[in-house]
Amino acid sequence: MFSSADHAFMAQALRLAERGMYSTNPNPRVGCVVVQEGRIVGSGWHERAGRPHAEIYALKAAGLNARGATIYVTLEPCSHYGRTPPCVEALKHAGIAKIVMAMKDPNPLVSGKGEEFLRQSGIEVQAGLLGAEAQRLNIGFVSRMLNKRPWVRSKIAASLDGKTALNNGLSQWITGIAARQDGHRWRARSCAILTGIGTVKADDPQLSVREIRTSRQPLKVVVDGHLETPVDAKLLFGKNVLIFTTDEHAKRADVLRKKGAHVIGMADDHGKVDLVKMMHKLTDFGINELLVEAGNKLNGALVRAGLIDELVIYLAPHLLGKMALNIIDLPELTSLDQKSSLEIQDLRMIGKDIRVVARFS
């Protein structure tokens, strides 16, 4: 169905889409190339929300060469008015003859409508070329559209014997500089970073991207059942903070709101923060990818609730002993049939440390 040239052009569109890795949120990462007689005559990628989509940049670059050309785009062109006009109309007016797209728009409200408009306009449409690669690039956007919650990725630094901190709470630094820099890349691509009050009180983290250049900072999210977040906590500087609590603890909430935090009361039947409802609530803030940087208790609660999709674990060449804290706080198993199974997605050395990326199967 697709030729080797088709694959090469779509691969180029995917490489362009990757340029928006740190900047397009909450929009998807999209790339596009315009091909005329086997040659790329225009290309573009979506840079950030509110700016033109990839197809518009590519058409502008192609100019009159777009008429009768084939477009390769990593996501179904939009057919609705949002912050920008629909791309399908621009493609029609440009005289595009054929469109090859990697994947349909996962938004149930718009999926297939762009394709239908294009076909009715007399434009040939083919879909599914390198679709899996396009979905991986937009794994959070797909999750938010289809599952109504972000793609949740937990980043953990541990010793080779699976320990994340000493029994007294000391944890800085288990891994090396290269691993910490790599961790900031995961931060930069995420819409938000989630931590718990225990980590806030123990480490006073900034939860910001510092080791690499980025045009935006992710939202900071704290699970704080009793609103114990110190008013001088580093993560409150620069505002851009959500705090989920069991109730709004009026006086304390007012103090934190004055510091720029958005406080949300959301308790479950056990008097704890309702983590499932919290994840769904985060979609209201346009969160595609959520990075968890928390202790073993919050990680354990998220795993037990089925809310972590992926683990990114850095294993340092150290041993911390049996009294140190485990990676994830999970209940004792009585049978191996109860074990949590994962699939290794990537395994590589980062400096002197090993990075394991695994997804729950």
Is there a continuous path of hydrophobic side-chain contacts, each under 4.5 Å between heavy atoms, that joins Val263 to Leu207? yes
Do the side chain of Arg29 and the main chain of Met21 share a donor and acceptor less than 3.5 angstrom apart? yes
Heavy-atom donor-acceptor pair, Asn299 side chain to Ala294 backbone, under 3.5 Å: yes
Scan side-chain atoms only and decide if Thr175 and Asp353 contain a donor-acceptor pair under the 3.5 Å cut-off. no
Inspect the contact between Glu310 and Arg359 and indicate whether a charged nitrogen and a carboxylate oxygen are less than 4.0 angstrom apart. yes
For the backbone of Leu109 and the side chain of Lys113, can you confirm whether one donor and one acceptor N or O come within less than 3.5 Å of each other? yes
Indicate the atoms forming the closest heavy-atom contact of Tyr22 with Arg213, along with that distance. CD1-O, 4.3 Å
Check whether Leu290 and Val223 end up in the same hydrophobic cluster, where Ile, Leu, Val, Met, Phe, Trp and Tyr are linked by side-chain heavy atoms less than 4.5 Å apart. yes
So Thr245 and Met266, do their side chains get closer than 4.5 Å, heavy atoms only? no
Between Asn326 and Lys163, a side-chain donor and acceptor under 3.5 Å: yes
Between the side chains of Asp6 and Ser3, is a donor N or O closer than 3.5 angstrom to an acceptor N or O? yes
Are Leu307 and Leu282 connected in the hydrophobic side-chain network, where two residues link if heavy atoms are under 4.5 Å apart? yes
I want to check a possible cation-pi pair here: Lys259 against Phe237, using under 6.0 Å from ring centre and within 45° of the ring axis as the test. yes
Donor-acceptor pair, side chain of Glu76 and main chain of Gly114, under 3.5 angstrom: yes
Is it true that Glu228 and Arg252 have a side-chain N and a carboxylate O under 4.0 angstrom from each other? no
His46 and Tyr57: aromatic ring centres closer than 6.0 Å? no
Just checking, is any N or O donor in the side chain of Ser111 or Asp105 under 3.5 Å from an acceptor N or O on the other one? no
Looking only at side chains, do Arg216 and Ser23 share a donor and an acceptor under 3.5 Å apart? no
